Student: 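Okay, handing you the structure first.
In this text, all values refer to a predicted model and were calculated from it rather than measured experimentally. Position 1 is the first residue of the sequence, and the numbers go up from there.
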Amino acid sequence: MQGLFQNVVGTFFGVFFSLFSMLFGVPWGGVEPDVPQSLEFPTMILHTASSQGEGKTVELSGYVGRDVEDPAFLKELLESNSIRSFSAAVGERAEVEMEQDAGVYSFGWNDRPAYVKLWKLASGGELEEAECSGLSASNRFGVLQMSLILPEEPGDYLLVVHQKYNIGSALHLFRLSVGEAGTPAGTSYEPPVTYDFDEAKGYGYVVVTGDGVENIRSLVLFILDWKAGRDSSVYLIREGEMRNPAATLILCRDGRLTAYFDDSQAGGKIVREDFEEFRVVQNSNGAEYFLVDSAGRDWLLAMTGGPGNFPDEYWGTIVASTPREDGVTYLIYGSRTGQDGGNRYLNVFVDSRTRAVRAGEETQASALQLGDEIAVMHDPDYQPQTPNTVRAALVWAVPGGAGA
């Protein structure tokens with residue numbers, strides 16, 4: 001009987017310490033768990049009503065003995081890691097979203113919080129403790145759930161979350177630029193006037209559907225504004241889930257690109273992303289427009305079916321050019337988009353006000369070459385001095401012939 005009792009007690013404590021080890025990271029028997037080396041630490045994303053940002057994850061195995069609450073250590077991490085700042089409004093509620101492999105889980109249970117601390121960044125890079133209110137943190141099924149209220153004082157902040165996982169310990173670092181109350185730092189999302197495809201065309205929005213792309217010139221002009229360092233914006237109304245209209249607002253502010261992907265009309269949500277550049281891949285069969293993020297990933301915005309895909313515009317091939325005192329006249333062989341009756345010759349006049357893009361790069365309109373295929377956005381107010389002539393407000397050129 002005594003042996004049976006010892007077996008029951010031994011089994012009970014064995015199960016208890018196995019569960020204790022799994023939940024709190026204390027290996028039973030002092031042996032490290034056999035963790036696959038291919039697993040990566042989770043990505044932590046902080047969402048607010050006006051913006052979102054991805055935290056920089058710093059794995060701590062290379063910093064044994066360092067104090068994660070030491071401001072000197074945190075300043076060192078800031079200096080050695082590139083951490084992009086994102087904007088938010090004072091007093092906003094921020095919530096954490098975790099992206100992690102199926103084999104990676106957080107240690108902790110229910111209301112056991114992660115270590116969270118907020119620091120204010122001084123102009124010299126020094127860190128001062130700041131108040132972090134309304135903190136709620138817990139681990140549910142191995143996934144950290146957390147929310148907090150951002151400070152009421154504008155400024156630059158560093159949010160630090162220290163979390164232990166089954167594959168080790170890591171710091172998640174966020175840099176935040178907190179703006180004045182009621183005024184988010186940076187521009188927040190404003191919905192379009194309409195999500196309807198036909199109405200959106202009339203507003204000049206770029207409309208992207210399975211039938212093609214309308215008002216692509218609006219996107220081209222936005223790209224040129226961005227390259228010139230001008231603040232600008234453009235809407236794309238595209239097909240979302242079940243062909244429901246969805247919107248993308250792209251903003252350029254102080255040379256920085258921000259996009260809001262709004263799938264709320266299709267039951268989704270609004271997602272904000274920051275981007276490094278535009279990329280245009282162009283050939284005689286059409287063009288593809290991409291946003292490129294900091295990881296070098298392409299986000300496809302639109303695909304055109306050819307260089308002539310400009311509604312109510314002209315397209316054709318340059319066959320001759322005539323210099324003029326106030327510009328250049330190009331003779332093209334082509335037609336007006338949507339016009340029946342075949343190609344014909346047309347004079348296209350360009351001057352110093354004409355904006356030109358050749359092979360995806362802005363150039364002088366006078367630098368176009370014989371053999372180039374061009375799409376022309378004309379100036380309807382121009383009064384030609386010679387018949388069969390239009391003035392180009394914008395020329396989009398695909399190199400060809402002598403200029404290829």
Side-chain angles (χ1 to χ4, degrees), residues 192-228 230 232-240 243 245-252 257 259-262 275 277-292 298-317 332 334-339 346 348 350 354-363 365 368 372-380 390-400:
V193 175
T194 178
Y195 291 86
D196 179 83
F197 293 132
D198 291 330
E199 290 182 356
K201 294 176 187 177
Y203 280 103
Y205 299 156
V206 183
V207 178
V208 184
T209 66
D211 298 326
V213 182
E214 301 285 348
N215 293 340
I216 191 68
R217 63 178 179 267
S218 297
L219 182 57
V220 173
L221 291 172
F222 175 81
I223 296 173
L224 299 182
D225 284 338
W226 166 67
K227 288 188 174 183
R230 292 184 286 266
S232 187
S233 65
V234 65
Y235 276 105
L236 280 75
I237 307 298
R238 52 187 173 78
E239 292 183 347
R243 297 178 65 88
T248 298
L249 171 62
I250 312 172
L251 297 163
C252 175
L257 289 168
Y260 293 85
F261 299 92
D262 177 4
F275 293 93
E277 61 177 317
F278 259 103
R279 189 166 71 88
V280 181
V281 178
Q282 188 182 19
N283 52 52
S284 59
N285 295 321
E288 298 175 326
Y289 298 81
F290 298 93
L291 284 168
V292 183
D298 291 331
W299 297 57
L300 179 64
L301 296 174
M303 297 174 61
T304 64
N309 194 18
F310 285 68
D312 299 325
E313 312 301 342
Y314 299 87
W315 69 273
T317 303
I332 69 171
S335 69
R336 186 166 184 159
T337 301
Q339 175 181 308
L346 175 74
V348 176
V350 303
T354 302
R355 300 176 72 176
V357 177
R358 186 172 189 269
E361 297 294 331
E362 189 164 10
T363 184
L368 304 180
D372 283 357
E373 290 189 48
I374 65 172
V376 178
M377 173 182 155
H378 77 285
D379 177 5
V390 297
R391 178 193 168 270
L394 171 68
V395 176
W396 186 266
V398 177

Student: Answer with yes or no after comparing the ring centroid distance for Phe222 and Phe278 against a 6.0 Å cut-off, counting only values under it.
Tutor: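 Yes: the rings meet the under 6.0 Å criterion.
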
Student: Any non-hydrogen side-chain atom of Ile250 less than 4.5 Å from a side-chain atom of Phe275?
Tutor: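 Not in contact.
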
Student: Rounded to the nearest 0.5 Å, how far apart are CG of Asp262 and CG of Leu249?
Tutor: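 The CG atom of Asp262 sits 9.5 Å away from the CG atom of Leu249.
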
Student: Without swapping roles, check the side chain of Ser218 against the backbone of Val206 for a donor-acceptor pair under 3.5 Å.
Tutor: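 Pair absent, no side-chain N/O of Ser218 close to backbone of Val206.
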
Student: First locate atom CD of Glu277, then atom CG of Leu291, and finally report the distance between them rounded to the nearest 0.5 Å.
Tutor: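 These two atoms lie 9.5 Å from each other.
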
Student: To the nearest 0.5 Å, how far apart are CG in Leu301 and CZ in Arg238?
Tutor: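 Result: 9.0 Å between the selected atoms.
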
Student: Any donor and acceptor pair, going by atom type alone, linking the side chain of Tyr205 with main-chain N or O of Val193 inside 3.5 Å?
Tutor: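 The answer is yes, because a donor-acceptor pair under 3.5 Å joins these two groups.
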
Student: Of all heavy-atom pairs between Glu239 and Phe197, which one has the smallest distance, and what is that distance?
Tutor: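 Shortest heavy-atom contact: CG-CZ, 3.8 Å.
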
Student: Of the non-hydrogen atoms in Thr354 and Arg391, which two are nearest, and what is the gap between them?
Tutor: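 Closest heavy-atom pair between Thr354 and Arg391: N-NH2, 3.6 Å.
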
Student: At their closest point, which heavy atom of Ala247 faces which heavy atom of Pro192, and how far apart are they?
Tutor: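 Between these two residues, the closest heavy atoms are CB-CG, 4.0 Å.
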
Student: Quick check against the 3.5 Å criterion: does Asn215 have a side-chain atom that pairs as donor or acceptor with the backbone of Lys201?
Tutor: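 A pair under 3.5 Å: yes.
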
Student: Backbone N or O of Leu300 within a donor-acceptor pair of the Asp298 side chain at under 3.5 Å?
Tutor: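 Checking the backbone N and O of Leu300 against the side chain of Asp298, no donor-acceptor pair under 3.5 Å is found.
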
Student: Looking only at heavy atoms, what is the nearest atom pair of Asp372 and Pro399, with distance?
Tutor: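 Here Asp372 and Pro399 meet closest at OD1-CA, 3.3 Å.
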
Student: Could you report the tightest heavy-atom contact between Ala200 and Thr194, atom names first, then the distance?
Tutor: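 The answer is N-CG2, 3.7 Å.
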
Student: Any sub-3.5 Å donor-acceptor pair from Asp196's side-chain atoms to Glu199's backbone N or O?
Tutor: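 Yes, the answer is positive, given that a donor and an acceptor are paired below the 3.5 Å cut-off.
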
Student: State, yes or no, whether a side-chain contact exists between Ile237 and Tyr203 at a heavy-atom distance under 4.5 Å.
Tutor: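 Counting from C-beta outward, Ile237 and Tyr203 never come under 4.5 Å.
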
Student: After noting the C-alpha distance and the side-chain angles of Leu346 and Val390, does the key distance pass the side-chain contact (heavy atoms from CB on, under 4.5 Å) rule?
Tutor: CA-CA 8 Å; Leu346 175 74; Val390 297; 4.2 Å; yes

Student: Measure the shortest side-chain to side-chain distance between Trp315 and Ile332 over non-hydrogen atoms and say whether it is less than 4.5 angstrom.
Tutor: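 They are not in contact (no side-chain heavy atoms under 4.5 Å apart), so the answer is no.
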
Student: Does the side chain of Trp396 reach to within under 4.5 Å of the side chain of Met377, using non-hydrogen atoms?
Tutor: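 Not in contact.
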
